[in-house]
Number of protein chains: 2
Amino acid sequence: MRADAQRNQERILDAAEEVFTRRGASASTEEVARLAGVAIGTVFRHFPTKDDLLAAILKRLLARLAEDAATLGGADGLHVFFRRLVGQAAAKRTVVDLAGVSVPAAVGQLGEAVGGLLRQAQAAGTVRSDVHPPEVMALLVSVCQGALQGGWDAKLQERTLAVIFAGLAA
Amino acid sequence: MRADAQRNQERILDAAEEVFTRRGASASTEEVARLAGVAIGTVFRHFPTKDDLLAAILKRLLARLAEDAATLGGADGLHVFFRRLVGQAAAKRTVVDLAGVSVPAAVGQLGEAVGGLLRQAQAAGTVRSDVHPPEVMALLVSVCQGALQGGWDAKLQERTLAVIFAGLAA
DNA sequence: TACGATAATGAGTAGAGACTCATTTTTCCA
DNA sequence: TGGAAAAATGAGTCTCTACTCATTATCGTA
C-alpha cells in the first residue's frame, strides 16, 4: 500500500470516529471527508460503503476495548473495566448505535478479555462464582447504552455501578 | 374534532408504533401512511413533522408504562416491572432509540410511578433503603437498552436481572 | 529522473424521503 | 337535505446524501 494511501486511511478512520461519535451514525460521509481533509471519493475508495466505514471504526473501538481489558486483571480488574466503560459512554456518544453493523470477530475478542477478568475476580473471591460471562457482557452493554442515552453524571455512575457491583459480589 | 379525523389519528398512531417499533426510527413516513390506510398528506396534517410523530408515540409508550407501573405495588412490584420491561424490550425494538426526541412530562410521570414502586419495596424490606430513584431509573433504561440491542433470550434475561436484583436486595 | 502504477479529486448522478397544496371528499349542523 | 367548514388526497417539489468516474496528481522504482 502506498504511503499516502495509508496516511489517508488512518485520517479517515480518525475523522469518522470523531464525527460518528459526536453526531451519531446518521452523520454524512461528506462531513467525515471534510474533517479528514480528503475528497469524498477518497473515502469511498477506502471504504466502498458507508456501512463498511461504520464497521471499520466499530471494529477498532472494540479491539481497543479488548486490549484495554487485557491489561487489567486481579481482584478488581472487572470493576475497573466497568467504570472506565461507563465513564467513556457517559462522555461520548459511542457508536454502538447499531446501524445494522456487526463485527463478530471483534466482539469475540472482547468477550474473551472480559471472561478473563471475570475468572480472575472470581478466583480472588471478589465476585460470586455462579455468575457467567454472558450476563456480565449483557450488563456491560446495558450500562454502556444506558450511560450513553442518559448522559449520567459522576454521582449517578457511581451509584448505579454500586448496585451492580453489590449484585456481583460474593 | 371531526369523527374521521379522530379515527385517522388513532390509526396513524397505531401504525407508527408498529412501523417504528419494527424497523426503527429511520423507517419512512410513507410506510406509516400505507399501514394506516391513509394518504401521506393526512399523516402530515395530524403531525406536521416526523419528529412530532415520533414524540407522540414515545409519549404514548411512556404513559402506558407509567400506567402499568401504577397498577403494580407491594414487596416485589418493582421486580415485576423490571421483568416486564426487559421482556418487552427483548422482543421488540422499542423506539427509545433517541432521534433527538424528548418528552419531559411523560418521563416525569414514569419516574414518579417507579419511585412509588421503589418506596413500597423498601417498606416491605425487599430492597435496600440506601437505593435512590435515579439509579433505579438508570438501571431500567440500561437493561431495557441492553435487551433491545442484544435480543436477550429468556435465560439471559433471568440471569442478568438476578444480578441486579441481588444488588438491590437488602 | 522518467515513467507506469496507484491514489486523489470533485463535479455529477440517482434515489430516497420529508413535506406542500390545489383539488376532491366527507362530515355534521341548521 | 343543503351547503359550508373540515379533512383527505396524492402527485409533485425540494433537499440531502450515498455513490460514480473521467481526469489529475502522487508515489515508488529502475
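In what follows, chains carry the letters A, B, and so on, assigned in the order in which the sequence lines appear, proteins first and then strands, with residues in each chain numbered from 1. Atoms considered below: every heavy atom in the structure, side chains included; atoms not considered: hydrogens, waters and symmetry mates.
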Legend entry - B/Arg119 atom CZ, neighbour heavy-atom count above 12 within 6.0 Å: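 No, CZ of B/Arg119 has 12 or fewer neighbouring heavy atoms, counting only those of other groups under 6.0 Å.
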Legend entry - A/Lys59 atom NZ: more than 12 heavy-atom contacts under 6.0 Å: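 Counting other residues, nucleotides and ligands, NZ of A/Lys59 stays at 12 neighbours or fewer.
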Inset, instruction - Look at A/Asp14 together with A/Arg60 and state whether they make a salt bridge at an N to O cut-off of under 4.0 Å. - result: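 Yes.
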Inset, instruction - Please determine if B/Arg23 and B/Glu31 form a salt bridge, counting it only when a charged side-chain N lies under 4.0 Å from a carboxylate O. - result: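 Salt bridge between B/Arg23 and B/Glu31, a charged N being under 4.0 Å from a carboxylate O: yes.
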Legend entry - Side-chain touch B/Leu161/A/Glu135, heavy atoms, less than 4.5 angstrom: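 Contact flag for B/Leu161/A/Glu135 side chains = no.
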Legend entry - Any side-chain heavy-atom pair of A/Val114 and A/Leu140 under 4.5 Å: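 A/Val114 reaches A/Leu140 side chain to side chain.
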Inset, instruction - Please report, rounded to the nearest Å, how far the C1' atom of C/dA16 is from the NZ atom of A/Lys50. - result: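 Computing the A/Lys50:NZ to C/dA16:C1' distance gives 14 Å.
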Legend entry - Summary of protein contacts for nucleotides 3-9 of chain C, nucleotide by nucleotide, where a base hit scores B, a sugar-phosphate-only hit scores S (4.0 Å, heavy atoms): --BBBSB
Inset, instruction - With a 4.0 angstrom cut-off to heavy atoms of chain B, pull out the first and last contacting nucleotide of DNA chain D, in 5'-to-3' order. - result: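 Nucleotide range with atoms under 4.0 Å of chain B: D/dA5 to D/dA11.
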Inset, instruction - Measure across B/Ala55 and B/Val103 and return the closest heavy-atom pair with its distance rounded to 0.1 Å. - result: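 Of all heavy-atom pairs spanning B/Ala55 and B/Val103, the closest is O-CG2, 3.8 Å.
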Inset, instruction - Heavy atoms only: give me the nearest A/Gln122-A/Val131 pair and the separation to one decimal. - result: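 Nearest heavy atoms, A/Gln122 then A/Val131: NE2-O, 2.9 Å.
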